Amino acid sequence: MTINKDLLGQLRSLGLIAQVSSEPELIEHLAEGSRTVYCGFDPTADSLHIGNLVPLLALRRFQLAGHKPILLVGGATGMIGDPGGRTSERDLKSADVVKAFVAKIREQASRFLDFDCGENSAIVVDNAEWTEKLTVVDFLRDIGKHFSVNAMVQKETVKRRLEDDASGISYTEFSYMILQSYDYTILNERYDCTIQMGGSDQWGNITAGIDLVRRMNGNQAYAITYPLITNSDGTKFGKSMGNAIWIDAQRTSPYSFYQFWRNSADADVIDYLKIFTFFDAAHIDQLAAAHDQDPGARAAHIALAQAVTRLVHGDEGVDAAERISEALFTNQLSQLSASDLGQLAQDGMSASETQSADISLIDVLVDSGLAVTPKGQVTAGQAKKLITSNAVSVNGVKIEDPEHRLKTADALHGCYQVIQKGKKNHHLLIHVVD
RNA sequence: GGAGGGGUUCCCGAGUGGCCAAAGGGAUCAGACUGUAAAUCUGACGCGUAAGCUUCGGUGGUUCGAAUCCACCCCCCUCCA
């Protein structure tokens, strides 16, 4: 494995660098040999979501450049909650939950990272392993003494909470920084890990870790943060229809996943191409030019959707997603054959079956979950509102009558009804009467 | 333990006896326009397909009538010990 000597410059050109510590030294450090870099992930759910993709793909870039990535699962720190994560303190995760998460993250990350390539294979570790053994006395005597409260209070994440009249900060959360610093120290000691990467909100915690590594191990360590991804309109990245976009195909179908990227705002699409794909600079420039010239053609958006979906769900995922998209958005439903329609359900389009040959549209909207209120509940009242506000079509035809009933006689090929809410939400209802 | 401030519908935040399902903003959903984009404009936004029902930290009370007044309790914040 040869070392890419300009990794940092490359990451910066991709917009992946917010801050770095001791930059000139770090550049040299990275150029001199294979290094070990770590990034922490909190076990907040049993799947990764696309927000996690940013550090994961950045780690991959490190690995491709010849370095060794460590994924640290916060089995211990995840129980506490980073004060930067605001409001409520987190639930305690049981050992089983964390263990399941470790397995899951390894499985999901293995699509991007190589866990079996010799020297610089990626590894997964859980900080509960060493944090749980820590006694209060050891913690205070060996670790805590290296931290100046004066300095900790100055950290942005802590300061904000101290100044916030409404919430304050508990001692537990205040200690988060110390535990994260200790993680760095342990990884430095065991794996010669010298680089920690995290979101820019982690800067304070990471630099605190650098200090601790120097004090306890006498080693020089480094920090790299990436900017937190936001949408250009200021909304939170990685949500669609109020739901997180998951890596797990069971939670977010390849079709929905594909659609998420394809619907990116124009102002964001080039940034996303840089961060979430491995296209080279020339290709991205070319897509940017194509987009400027004819935004309506969606060349950049489609390339983005294809590339990221392929990365996460493979060629099959892309094929399925495009097959469904093609069918639904060209509005030529009537030209689809029965097997085409059957395939859509197979491919991950939302679908359900009914025994009834004659069923009320409102019931179907409720059963399919399309009739969600802005608050997230599914109600018949919402279904009625949607119909009255002209938001629902069946098989491509707007329905304005709340009492409308779906009958097999009107179904495509005698059994398929494509229910559409708004522009982008579809459901396939299949009559299974004989 | 003491003193003070505060808890309103997803969030912020008005409201101090009826006109309050509760202003305004944000978020969200839908419609129009477009390019499956953004911006903009329009509608919806406690539950109930309706009659109606249930909300303003909790419980009890005053009142014809309470988010608003009283009592007690719980929780949060700041300062003091």
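Since this is a predicted model, take the numbers as computed values, not measurements. Just so you know, these numbers use all the heavy atoms, side chains as well, and skip hydrogens, waters and symmetry mates. Chain identifiers are assigned alphabetically (A, B, ...) following the order of the sequence lines, protein sequences preceding nucleic acid strands; residue numbering begins at 1 within each chain.
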*asked:* When the P atoms of B:A30 and B:A38 are compared, how many Å lie between them, rounded to an integer?
replied: 12 Å
*Distance, rounded to the nearest Å, where A:Tyr272 contributes OH and B:A37 contributes P*: 15 Å
*Using both distances under 3.5 Å as the test, list the Watson-Crick or G-U wobble partner of B:A67, or none.*
none
_Any-strand Watson-Crick or G-U partner of B:G1, both distances under 3.5 Å_ = B:C80
*Does the salt bridge (Lys or Arg N to Asp or Glu O under 4.0 Å) test come out yes or no for A:Lys104 and A:Asp248, once each step is laid out?*
CA-CA 10 Å; A:Lys104 197 82 184 174; A:Asp248 190 337; 3.3 Å; yes
*Name the pairing partner of B:C33, where a pair is Watson-Crick or G-U wobble with both distances under 3.5 Å, or state none.*
none
*asked:* By the 4.0 Å heavy-atom rule, please label A:Pro402 as base, sugar-phosphate, or nothing.
replied: nothing
*Mind checking the C1' distance from B:G13 to B:U62? Whole angstroms is fine.*
30 Å
*Watson-Crick/G-U partner (both atom distances under 3.5 Å) of B:A21*: none
_Below 30° counts as parallel, above 60° as perpendicular, anything between as tilted: where do the rings of A:His413 and A:Tyr416 land?_
perpendicular
*asked:* Side-chain N or O of A:Lys424 versus OP1/OP2 of B:A37: is the shortest distance under 4.0 Å?
replied: yes
_Check A:Glu403 with A:Lys384, please: is the shortest side-chain N to carboxylate O separation under 4.0 Å?_
no
*P gap between B:A66 and B:C19, integer Å*: 11 Å
*asked:* Taking 4.0 Å as the cut-off, does a side-chain nitrogen or oxygen of A:Lys384 come that near to OP1 or OP2 on B:A50?
replied: yes
_How many whole angstroms separate atom CG of A:Asp292 from atom C1' of B:A38?_
15 Å
*Between A:Val378 and A:Ala265, just flag the one whose closest nucleotide in RNA chain B comes earlier from the 5' side.*
A:Ala265
*asked:* Say we look at B:A22 and B:C47: how far apart would their C1' atoms be, to the nearest angstrom?
replied: 16 Å
_Using whole Å, what does the distance between atom P of nucleotide B:U28 and atom NZ of A:Lys421 come to?_
13 Å
*From B:A44, B:C47, B:G31, nucleotide with atom closest to A:Thr379 side chain*: B:C47
_Nucleotide of B:U49, B:U36, B:G31 approaching A:Ala380 most closely (side-chain heavy atoms)_ = B:U49
*Could you tell me the separation between the CZ atom of A:Arg405 and the P atom of B:U49, rounded to a whole number of Å?*
15 Å
*Tell me whether the OP1 or OP2 atom of B:C47 has a side-chain N or O from A:Gln377 closer than 4.0 Å.*
yes
*Rounded to the Å, how far apart are A:Ile302 CD1 and B:A37 P?*
13 Å
*asked:* Give me the distance, rounded to whole Å, that separates B:A39 from B:U49 when you measure between the C1' atoms they each carry.
replied: 35 Å
*Using the P atom as the reference point in each nucleotide, state the distance between B:U9 and B:G46 in Å, no decimals.*
13 Å
*Taking atom P of B:C45 as reference, at what distance in whole Å does atom CG of A:Leu386 sit?*
12 Å
_Lys/Arg-Asp/Glu bridge criterion (N-O < 4.0 Å) met for A:Lys145, A:Asp142_ = no
*Which of the following nucleotides, B:U36, B:A30, B:G46, is nearest to the side chain of A:Phe329?*
B:U36
*So which nucleotide does B:A50 pair with, by the Watson-Crick or G-U wobble rule with both distances under 3.5 Å?*
none
*Starting at the 5' end of RNA chain B and moving along, which residue's nearest nucleotide shows up first, A:His301 or A:Ile362?*
A:His301
*Determine the interplanar angle of the A:Trp261 and A:Tyr272 rings, folded into 0 to 90°, and report it as parallel if under 30°, tilted if 30 to 60°, perpendicular if over 60°.*
perpendicular
_P gap between B:U63 and B:C74, integer Å_ = 27 Å
*Closest nucleotide among B:C33, B:A30, B:A50 to the A:Ser389 side chain*: B:A30
*Options B:C45, B:A30, B:U49, nucleotide nearest the side-chain atoms of A:Asn425*: B:A30
*asked:* Between B:A23 and B:A14, how many Å separate the two C1' atoms, rounded to a whole number?
replied: 6 Å
_Under 3.5 Å for both donor-acceptor distances, Watson-Crick or wobble: does B:C10 have a partner, and if so which one?_
B:G26
_Both distances below 3.5 Å, Watson-Crick or wobble geometry, any strand: find the nucleotide opposite B:C72._
B:G58
*In whole angstrom, what separates A:Glu400's CD from B:A30's P?*
17 Å
*In whole angstrom, give the distance that lies between atom CG of A:Asn263 and atom P of B:C29.*
12 Å
_Checking side-chain polar atoms at under 3.5 Å, does A:Tyr38 have a donor or acceptor matched by the opposite partner on A:Gln196?_
yes
*If you draw the axis of the six-membered ring of A:Phe329, does the NZ or CZ of A:Arg262 fall within 45° of it and under 6.0 Å from the ring centre?*
no
*asked:* So if I take every side-chain heavy atom of A:Lys385 and compare against B:G46, B:U49, B:A44, which nucleotide ends up nearest?
replied: B:A44
*To the side chain of A:Glu403, which of B:C33, B:U49, B:A30 is closest?*
B:U49
*On the 0 to 90° scale, with breaks at 30° and 60°, tag the A:Phe276-A:Phe237 ring pair as parallel, tilted or perpendicular.*
parallel
